[in-house]
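Everything on this sheet refers to the single structure shown next.
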Amino acid sequence: NGSIVYMRKKIVSLLFILLFCNSLKSFAQDNHYWSQQFGAKSTLLGGAVIGGVRDNSAIFYNPGAFTFIKYPSLSVNANLYEMNKLLIKDGAGEGVNLNSARVSIFPQIISGMLTLKKWPRMHLSYCLMTRHYDNILIKTRFTSQDFSGPSQGVEEYIGVFDYTNQLNEQWLGFAASYEVNDKLGVGISFFGNYRAQTYQQSYFVRKIQLDDSTNWIITSNNDKFLKYWTMSGLFKIGIAYETGRWKLGFTVTTPSFGFAGRGDMQREFSVFAASDDPTDTAQSFILMGRVSKTKVRFQRPLSMGFGVEYSTPKTRIALSGEYYFGIRQYDMMAPQATPFIYPPQYEDSSYIQAFAHDFLLVQRKARSVFNVAIGLEQKLFPRLSLLAGFHTDLSSYEEPEHEEIFSNHGGTWDLYHCSLGLSFHRKKQIISVGITYTFSPQEKIDPYAMINPNQAGYREATVNSQIFAISIGYTYLFPRE
């Protein structure tokens with residue numbers, strides 16, 4: 001029967017689409033270590049302040065620099081407005097684009113510094129900062145009609161792709177620094193961090209044909225859901241040196257060490273077929289698993305940074321760089337759970353068994369990257385300065401070795417940040433405000449989904465990412481006792 005053979009071919013094509021969508025990446029930018037800068041002035045200088053930072057953001061950039069800050073202070077900095085736009089042309093098949101646009105308002109960093117009367121060479125600092133933040137929602141749909149089947153009925157097709165990624169990572173930091181002499185300072189920061197992520201990807205494809213001679217329905221699903229939290233810590237050691245018009249800095253950030261973490265996850269991979277021929281039902285299968293409160297660990301890499309700054313009475317030029325070491329592939333979540341398989345005879349299939357073994361395994365790995373930044377401060381008037389900066393933000397994403405695993409991270413494209421603003425100084429106050437523009441060069445990547453059945457072999461998409469942000473910072477300088 002030509003209609004039955006045709007239907008089985010459709011089942012195979014849907015299975016191909018489902019397998020293609022199995023190991024897809026996410027859009028989160030937590031693979032970009034320099035996606036977020038801290039302190040409005042440091043942000044507008046492009047983060048090129050490892051050598052010459054002289055405000056409370058030193059707790060993040062170089063704790064050794066606190067010894068050169070003469071007045072205790074309190075700083076509040078925020079992104080008053082951030083528009084994050086992402087377009088992946090043909091991201092779900094030819095002619096099916098993926099779009100995301102969100103507006104966010106969140107604090108960058110709240111920080112302060114204290115000096116000790118009994119130990120004037122010692123300085124203490126504290127901060128609360130938003131290290132990573134993402135809130136991405138994408139929904140797209142594709143429908144079509146096909147008149148090419150063996151019967152004269154019309155084949156209806158519906159494909160849906162839904163994606164949600166909400167990430168919030170908060171760091172609480174404390175630092176201590178010691179003034180070795182009037183030219184050299186050393187310091188150490190400790191950061192305890194809390195990371196929470198909710199992630200979901202859903203692919204739904206359905207083909208229907210109902211007419212006088214042939215009736216059949218095929219539905220396929222590929223759903224992933226992950227929600228977890230982790231708590232971990234790390235140290236940053238900094239050295240700051242100053243002589244004449246030159247300022248130098250060097251930092252080492254340790255890999256993170258975990259305290260605790262728990263998460264829930266669910267995954268389904270299925271194809272259901274129904275028609276007038278009962279044998280077609282035998283083509284259906286389901287693979288499904290769920291775990292709750294399983295152990296989670298998240299790693300951050302070792303990094304080394306350097307900075308140099310040259311200044312004149314009116315001009316300040318700064319350059320910084322940081323090298324992040326790679327992270328070997330590790331199990332982020334590895335629950336000891338066996339997924340449900342139906343029909344039971346598939347349990348004896350070597351292919352299904354290999355796939356089911358890692359069905360609920362979440363792995364991560366990262367490649368090494370080297371980011372650089374350059375900043376300029378030009379005094380326009382005695383109390384008003386122009387700030388400008390640029391820095392790279394290369395992606396550390398590296399493809400997992402096993403396609404069958406539950407992959408929940410991505411952002412494979414590199415980002416570049418440009419900033420421009422002003423800083424106003426009064427006796428006890430510093431106010432900085434400006435804009436930052438982030439972009440990614442157009443890059444060819446694999447599609448993230450394939451919900452267009454007419455282009456099942458299509459293998460090229462184009463990504464374009466842009467971020468506009470307005471940053472403002474306020475620092476109050478306390479009188480030195």
Side-chain angles (χ1 to χ4, degrees), residues 17 20-36 79 81-106 132-144 158-167 197-205 222 224 369 390-399 407-419 435-471:
I17 293 173
F20 174 84
C21 298
N22 182 54
S23 59
L24 302 178
K25 313 172 190 70
S26 78
F27 308 100
Q29 293 176 355
D30 58 326
N31 293 301
H32 297 86
Y33 300 122
W34 278 16
S35 61
Q36 182 69 46
N79 281 352
Y81 176 90
E82 181 177 287
M83 167 64 80
N84 193 325
K85 298 177 65 178
L86 176 67
L87 168 64
I88 301 181
K89 185 179 179 182
D90 302 325
E94 187 173 16
V96 187
N97 299 333
L98 301 179
N99 294 277
S100 174
R102 64 169 175 84
V103 175
S104 303
I105 300 174
F106 59 90
H132 288 291
Y133 182 84
D134 259 309
N135 184 18
I136 300 175
L137 175 64
I138 294 176
K139 292 180 179 289
T140 191
R141 177 187 177 98
F142 179 84
T143 61
S144 68
I158 301 171
V160 177
F161 171 71
D162 289 343
Y163 174 89
T164 302
N165 197 334
Q166 297 173 318
L167 172 66
Q197 183 179 19
T198 300
Y199 164 91
Q200 184 168 7
Q201 284 190 142
S202 178
Y203 310 90
F204 173 85
V205 175
N222 189 355
K224 301 177 182 181
V369 297
F390 171 83
H391 70 272
T392 65
D393 193 8
L394 307 184
S395 173
S396 65
Y397 177 80
E398 189 167 358
E399 191 78 26
S407 177
N408 80 308
H409 65 301
T412 60
W413 46 90
D414 298 330
L415 299 174
Y416 300 90
H417 304 255
C418 306
S419 53
I435 59 173
T436 300
Y437 172 66
T438 301
F439 67 95
S440 67
Q442 287 196 355
E443 182 179 340
K444 299 295 183 180
I445 62 173
D446 292 335
Y448 270 72
M450 193 60 64
I451 62 173
N452 181 351
N454 302 318
Q455 299 293 333
Y458 198 73
R459 284 293 184 274
E460 189 173 272
T462 305
V463 63
N464 183 10
S465 177
Q466 298 182 76
I467 304 173
F468 304 88
I470 299 175
S471 299

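Fair warning: this is a prediction, and the values are worked out from it, not measured in the lab. Below, all heavy atoms of this structure are taken into account, side chains as well, without hydrogens, waters or symmetry copies.
- Only one option out of Ile136, Leu137, Leu98 pairs with Tyr163 in a side-chain contact (heavy atoms from CB on, under 4.5 Å); it is Ile136.
- Remark: His417 engages His391 in a ring pair (Phe, Tyr, Trp, His ring centres under 6.0 Å) (not counting sequence neighbours).
- The distance from the CH2 atom of Trp413 to the CG atom of Asn31 is 9.5 Å, given to the nearest 0.5 Å.
- Summarising the geometry of Leu167 relative to Gln197, their closest heavy-atom pair is CD1-CB, 3.9 Å, with the distance given to 0.1 Å.
- Partners of Phe468 by ring pair (Phe, Tyr, Trp, His ring centres under 6.0 Å), not counting sequence neighbours, listed by chain and number: Tyr437.
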Report the C-alpha separation of Leu415 and Ser465 in whole Å, then their side-chain angles, then the decisive distance to 0.1 Å, and conclude whether the side-chain contact (heavy atoms from CB on, under 4.5 Å) test is met.
CA-CA 8 Å; Leu415 299 174; Ser465 177; 4.1 Å; yes
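- Side-chain contact between Glu82 and Ile105 is absent, with no heavy atoms from C-beta onward closer than 4.5 Å.
- When the salt bridge (Lys or Arg N to Asp or Glu O under 4.0 Å) test is applied to Lys139, the partners found at least two apart in sequence or on another chain are Asp162.
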Does the side-chain contact (heavy atoms from CB on, under 4.5 Å) test come out yes or no for Gln466 and Met83, once each step is laid out?
CA-CA 8 Å; Gln466 298 182 76; Met83 167 64 80; over 6 Å; no
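- With rounding to the nearest 0.5 angstrom, the CG atom of Asn135 is 5.0 Å from the CD atom of Gln166.
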Assess whether side-chain contact (heavy atoms from CB on, under 4.5 Å) is satisfied between Ser396 and His32, documenting all intermediate values.
CA-CA 6 Å; Ser396 65; His32 297 86; over 6 Å; no
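- You'll find the side chain of Asp134 reaches within 4.5 Å of the side chain of Arg102, heavy atoms only.
- Going from atom OG of Ser100 over to atom CD1 of Ile138 covers 5.0 Å, rounded to the nearest 0.5 Å.
- Between Tyr416 and Leu394, some side-chain heavy-atom pair lies under the 4.5 Å cut-off.
- At distances below 3.5 Å, at least one donor-acceptor pair connects side-chain atoms of Asp90 with backbone N or O atoms of Gly95.
- Between the CD atom in Gln200 and the OG1 atom in Thr198 there is a gap of 9.5 Å [rounded to 0.5 Å].
- Between Glu94 atom CD and Glu460 atom CD the span is 10.0 Å, to the nearest 0.5 Å.
- With sequence neighbours excluded, the residues satisfying ring pair (Phe, Tyr, Trp, His ring centres under 6.0 Å) with Tyr133 are Phe106.
- Across all non-hydrogen atoms, the minimal contact from Ser419 to Thr436 is CB-OG1, 3.8 Å.
- Among residues two or more places apart in sequence or in another chain, the side-chain contact (heavy atoms from CB on, under 4.5 Å) test is passed with Ile435 by Ile470.
- The only member of Thr462, Val96, Val463, Asn464 that meets side-chain contact (heavy atoms from CB on, under 4.5 Å) when paired with Ile88 is Val463.
- The closest donor-acceptor contact from the side chain of Asn84 to the backbone of Ile467 lies at 3.5 Å or more, if one exists at all.
- Checked against side-chain contact (heavy atoms from CB on, under 4.5 Å), Asn99 has the following partners two or more places apart in sequence or in another chain: Leu87, Asn97.
- Atom CZ of Phe161 sits about 8.5 Å away from atom OG1 of Thr140, to the nearest 0.5 Å.
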